[in-house]
Amino acid sequence: MNLPKAYEPDSYEPTIYALWESSGAFKPSGNGEPYSILMPPPNANGNLHVGHSLMAVLEDILVRFYRMKGRDTIYIPGADHAGFETWVVYERELQKTGKSRFDFSREQLYSQVWDFVDQQRGNMELQLRALGASASWDDLVFTLDKRVVDTTYQTFKKLWDEGLIYRGERIVNYCTTHQTSFADIEVEHKNEKGKLYKIAYPTLDKIDEIIVATTRPETMLGDTAVAVHPDDERYKHLIGSHVLLPLTDREIPIIADEYVDRDFGTGAVKITPSHDPNDFEIGKRHQLEEIQVIDFDGRMINVPPQFVGLEASEARKRVLAALKAQELNRGETDIEHAVGHCYKCGSIIQPLVKDQWFIKMQPLAERAIEAIEKDEIRFVPDSKKHDVIRYYKNIRDWNLSRQIAWGIPIPAFQNVNDPDDWIFDDRVDEEHIEINGKTYRREEDTFDTWFSSGQWPFITTGALDGGELAKFYPISVMETGHDILYQWVSRMIMLGLKVTGQVPFKEVYLHGLVLDEHGQKMSKSKGNVVNPMEALAEFGSDALRMGLVSSRSAGQNQAFSTGKVVAGRNFANKLWNIARYIEGKLGENYHMKQPVPNSLADHWVMRELSHAATEVDSLLADYRFAEAAETVYHTIWSSVADWYVEASKQQENPDMLAWVLDTSLRIAHPFAPFVTETIWQTLPWYKQGSMVIASSWPKVPDFDEIAASEFERLQALVSEIRFVVTDLPAGKKYSVGYGADSLVADNADLIRHLARLEKVEATDTPSGLRLAASGREAWLLIDEATLYEHQTNLEVRLAEAKQRLKALRGRLENKSYVEKAPAHLVEASQQELAETEALIQRLENELEVIGN
RNA sequence: GGGCGAUUAGCUCAGCUGGCUAGAGCGCCUCAUUGACGUUGAGGAGGUCAGGGGUUCAACUCCCUUAUCGCCCACCA
């Protein structure tokens with residue numbers, strides 16, 4: 001039991017984690033009301049970043065706490081194939097070998113990426129273990145596991161059968177670098193400065209012209225109309241006539257459409273159905289031809305020879321130059337407008353027409369809004385609820401198709417003889433299938449990964465087929481980052497309701513981003529990324545946990561603070577040394593008995609620890625992690641270590657000491673699991689196999705409230721002595737004399753010890769400095785000269801008290817206050833007034849004595 | 001263009017539905033100490049709670065407004 005002086009996390013953490021895991025402590029107990037948390041799956045082949053650490057810590061605190069509260073608890077871990085992210089990395093590797101995705105079949109690519117991922121899998125799982133995540137590892141689900149694929153197909157079929165899935169040519173967001181389309185919310189819009197170019201389109205007789213305004217002149221080569229507002233007097237006479245599209249030999253009509261804003265630009269809009277979502281709609285309304293002029297690789301096609309093969313940006317310059325040469329440019333103006341970019345590579349997203357699979361979102365969104373408005377899901381912070389509803393209200397159909405191989409194939413086949421004949425079939429490994437003599441060719445695209453992730457709660461719990469974990473659905477709380485509220489949380493709600501008829505989780509807690517020490521967003525390019533595993537190695541897992549959690553509130557981005565991690569490490573060390581002291585006192589053969597509080601300090605510490613336990617309970621129910629951690633930190637550091645352990649040195653009560661340590665370990669365990677368990681394993685009063693992780697949350701013991709308050713009076717006296725003494729000449733010890741004061745008399749030794757005095761003794765002839773502030777019949781025994789020096793000290797206290805008195809009087813003389821404020825507040829003020837008056841009286845008396 | 005959040009001690013941040021002399025960690029100052037802990041103990045300095053207005057007996061907290069910073073959403077060319 002000879003514990004080293006300082007707690008050394010790395011010598012215990014791995015053993016402790018192994019102990020938990022092998023004992024089955026992470027598995028549901030099977031007793032009590034279910035409590036479940038679903039881990040947002042980190043990238044299977046990546047490393048944990050500091051955001052993941054925060055995620056795991058918050059979730060693990062909840063899981064450990066509710067486990068101790070006796071709930072049947074599960075923390076379901078996951079691993080993400082991270083479709084697009086991994087694909088991008090893999091394609092880069094592929095490029096190095098001089099090959100491209102077009103050299104392989106979907107199956108070949110898939111298995112190559114699988115191997116690539118497999119090589120470096122497992123890191124993040126080890127890192128989650130290092131953080132102490134008490135996840136049920138046997139229940140881990142990988143996002144490409146068979147059950148995920150099966151359920152995803154089942155859901156797709158269900159939606160298809162209900163007419164919510166359709167395939168169609170639509171304008172999609174396309175990244176020409178990555179050669180795949182994206183959902184609307186994956187596009188990163190940035191406000192950019194650009195130019196609005198005015199271009200003249202001459203009438204066929206070349207007498208007149210119509211001037212259009214555009215930010216993307218290169219797309220004019222694909223124009224198939226010019227639109228004006230039907231009531232626009234400027235252009236009314238031209239409606240129905242044709243103009244000659246410059247740089248080409250095409251004649252295009254001038255059409256009227258209400259969409260056109262007469263006040264913007266020139267009031268005439270060039271219509272390019274293939275490259276603009278609005279134009280696409282207009283094109284449909286007016287049966288316009290669609291001419292694709294930008295290809296899927298971002299180069300020009302179907303254009304006059306001099307432009308063919310140019311990058312879109314280069315084509316813009318050439319088109320402008322050509323127009324200028326023909327004197328068709330009519331000026332340009334600066335404009336700020338939003339431009340969509342690929343969130344991964346920053347390329348400009350091209351709106352391109354493509355055949356894709358979509359889900360009709362409106363019915364799903366409506367159901368979700370209904371559930372949220374009925375408070376079937378609680379959001380923390382609450383404001384996110386309104387954000388998500390706003391998102392639902394403006395939702396558009398969701399493009400599910402991705403042109404990457406690393407994902408779940410879309411289970412659909414097309415009749416080779418009838419392009420409109422699509423059928424559902426999950427034989428996705430076969431390129432062709434025969435049904436009723438008809439040949440079908442498979443869809444080559446895969447699903448947007450968020451489509452399968454959106455089903456995570458009912459997939460992982462097996463809610464649909466009633467597996468062992470089905471009782472954990474709906475999930476108790478979904479904890480995740482606020483940055484994926486729309487991508488993930490909103491989809492889980494919609495799909496959960498649609499497929500299971502229930503909300504997928506009852507509560508949502510959204511944490512903010514972890515910023516760097518100075519509040520800047522972390523990024524590789526800025527070089528300010530904090531590696532959580534380095535911090536963990538340096539300070540310990542508990543320290544990192546405490547540091548990440550403190551001073552952090554829901555939904556708020558917050559800076560990482562090494563100082564707080566250090567504070568966490570110091571806390572673990574403090575706990576360690578409390579244990580070292582107490583265990584040393586009790587000896588190895590101590591057997592725990594029911595503690596009987598004896599001294600004032602005993603009652604007081606029982607009250608403090610019980611308060612902390614109930615406080616943490618209610619704080620965690622509100623997800624106030626930081627305050628809960630602080631409560632534990634201060635209760636253990638100040639109340640237990642600084643006061644109780646010190647007091648116990650004078651007034652011994654071994655059973656109380658044991659209880660105090662035991663209870664401290666329990667309340668600290670959710671926050672600092674490793675050090676608490678390490679200590680627990682050294683407690684002589686528990687049998688082999690006992691673990692704090694499996695212990696219960698402390699119950700409130702019987703203590704005497706009055707005795708507890710008496711201890712506070714004692715503390716006030718000790719504090720006053722300490723305060724006065726620091727002001728006195730150093731290097732000598734002082735003594736206190738007391739008169740008829742049983743509190744002081746009964747605790748004389750304790751006071752002497754706590755205030756580091758020479759003596760505390762009864763005296764018939766009081767002299768020296770009356771300890772007036774704490775109101776006891778006690779005097780600090782000092783000579784006249786010292787006393788005189790101390791006068792200013794008393795004067796300062798007196799001035800403070802007088803100011804306070806003034807404020808209190810002012811409040812109580814205010815009739816409205818006395819009438820309208822709650823009675824208990826008025827009463828408290830009155831009592832405080834009386835106390836302040838008494839204090840002033842004592843201080844004045846004392847000053848008078850000194851004066852004489 | 002729309003929405004949201006922030007502004008509190010030198011730094012990083014708490015402060016829930018309005019009511020304790022506005023708190024924490026780190027930093028700073030003074031002092032202490034051979035036995036649980038220097039990853040320590042005791043004491044202390046430091047804030048007109050961004051500015052202005054309003055509601056209220058009472059505002060860091062609610063409302064309006066201004067300023068600054070940040071984030072999210074957005075197919076008006």
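Treat the numbers as computed from the prediction; the structure is a model and nothing was measured. Below, chains carry the letters A, B, ... as their sequence lines are ordered, and counting in each starts from 1.
Salt bridge Arg170(A)/Glu281(A): absent, no basic N to carboxylate O contact under 4.0 Å. Note on Arg378(A) versus Asp622(A): salt bridge recorded, some NZ/NE/NH1/NH2 to OD/OE distance being below 4.0 Å. Ion pairing between a basic and an acidic side chain is recognised when a charged N comes within 4.0 Å of a carboxylate O; Asp257(A) and Arg285(A) show such pairing. Arg809(A) and Glu837(A) are joined by a salt bridge, as a carboxylate oxygen and a charged side-chain nitrogen come within less than 4.0 angstrom of each other. Salt-bridge formation is not detected for the pair Arg262(A)/Asp232(A): no Lys NZ or Arg NE/NH1/NH2 atom is positioned less than 4.0 Å from an Asp or Glu carboxylate oxygen. Look at Glu538(A) and Arg569(A) and you find no salt bridge, because none of the NZ, NE, NH1 or NH2 atoms lies under 4.0 Å from a carboxylate O. In this structure, Arg316(A) pairs ionically with Glu218(A), as a charged nitrogen and a carboxylate oxygen lie closer than 4.0 Å. Under 4.0 Å is where a charged nitrogen must lie from a carboxylate oxygen, and between Asp516(A) and Lys521(A) no such pair does.
For rG2(B) and rA50(B), the P atoms lie 26 Å apart once the distance is rounded to whole Å. For the P atom pair drawn from rG5(B) and rU12(B), the interatomic distance equals 22 Å after rounding to whole Å. The separation of rG46(B) from rG23(B), taken at their P atoms, amounts to 14 Å, rounded to a whole angstrom. Comparing the same atom, C1', in rU8(B) and in rU48(B) gives a spacing of 12 Å after rounding to whole Å.
Nucleic acid contact class of Tyr391(A) (heavy atoms, under 4.0 Å, all strands): none. Within 4.0 Å (heavy atoms only), His337(A) reaches sugar-phosphate atoms of the nucleic acid but no base atom. Residue Arg756(A) is in sugar-phosphate contact alone, with no base atom involved, counting any heavy-atom pair closer than 4.0 Å across all strands shown. Looking at heavy-atom distances under 4.0 Å, Phe723(A) makes contact with sugar-phosphate atoms alone, never a base. Looking at heavy-atom distances under 4.0 Å, Trp643(A) makes no contact with the nucleic acid at all. When heavy atoms are screened at a 4.0 angstrom cut-off, Ala567(A) is found touching the sugar-phosphate backbone but no base atom. Among the heavy atoms of the strands lying under 4.0 Å from Arg722(A) are primed sugar atoms or P, OP1, OP2 only; no base atom is included.
Distances from the side chain of Ser553(A) to the nucleotides rA36(B), rG15(B), rA74(B) place rG15(B) closest. Comparing rC57(B), rA77(B), rC75(B) by their closest approach to the side chain of Pro277(A) singles out rC75(B). Comparing atom distances between the Ile578(A) side chain and each of rA24(B), rA36(B), rG43(B) picks out rA36(B) as nearest. Closest to the side chain of Asp642(A), from the set rA42(B), rA77(B), rU56(B), is rA42(B). Side-chain proximity of Ala559(A) to the nucleotides rU39(B), rG25(B), rU12(B) is greatest for rU12(B). The side chain of Tyr486(A) sits closest to rC73(B) out of rU39(B), rG15(B), rC73(B). When distances are taken from the side chain of Ser383(A) to each of rG5(B), rU39(B), rG15(B), the shortest belongs to rG5(B).
In the region residues 187-200 of chain A, proximity to RNA chain B at under 4.0 angstrom, judged on heavy atoms, holds for His189(A), Asn191(A).
Put simply, the side chain of Asn814(A) and the base of rC57(B) share no donor and acceptor less than 3.5 Å apart. Taking only distance into account, the side chain of Lys649(A) meets the base of rA36(B) through a donor-acceptor pair shorter than 3.5 Å. Within 3.5 Å, a donor on the side chain of Lys574(A) pairs with an acceptor on the base of rC37(B), or the reverse. Judged by atom type and distance alone, Lys564(A) reaches the base of rU12(B) through a side-chain donor-acceptor pair under 3.5 Å. A donor-acceptor contact under 3.5 Å is not formed by the side chain of Glu646(A) with the base of rA42(B).
A 4.5 Å side-chain heavy-atom check between Leu620(A) and Arg624(A) finds every atom pair outside the cut-off.
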Under a 3.5 Å cutoff on both atom distances, Watson-Crick or G-U, what's the dot-bracket for RNA chain B ([ ] crossing, | other strand)? (((((((..((((.....[...)))).(((((.......))))).....(((((..]....))))))))))))....
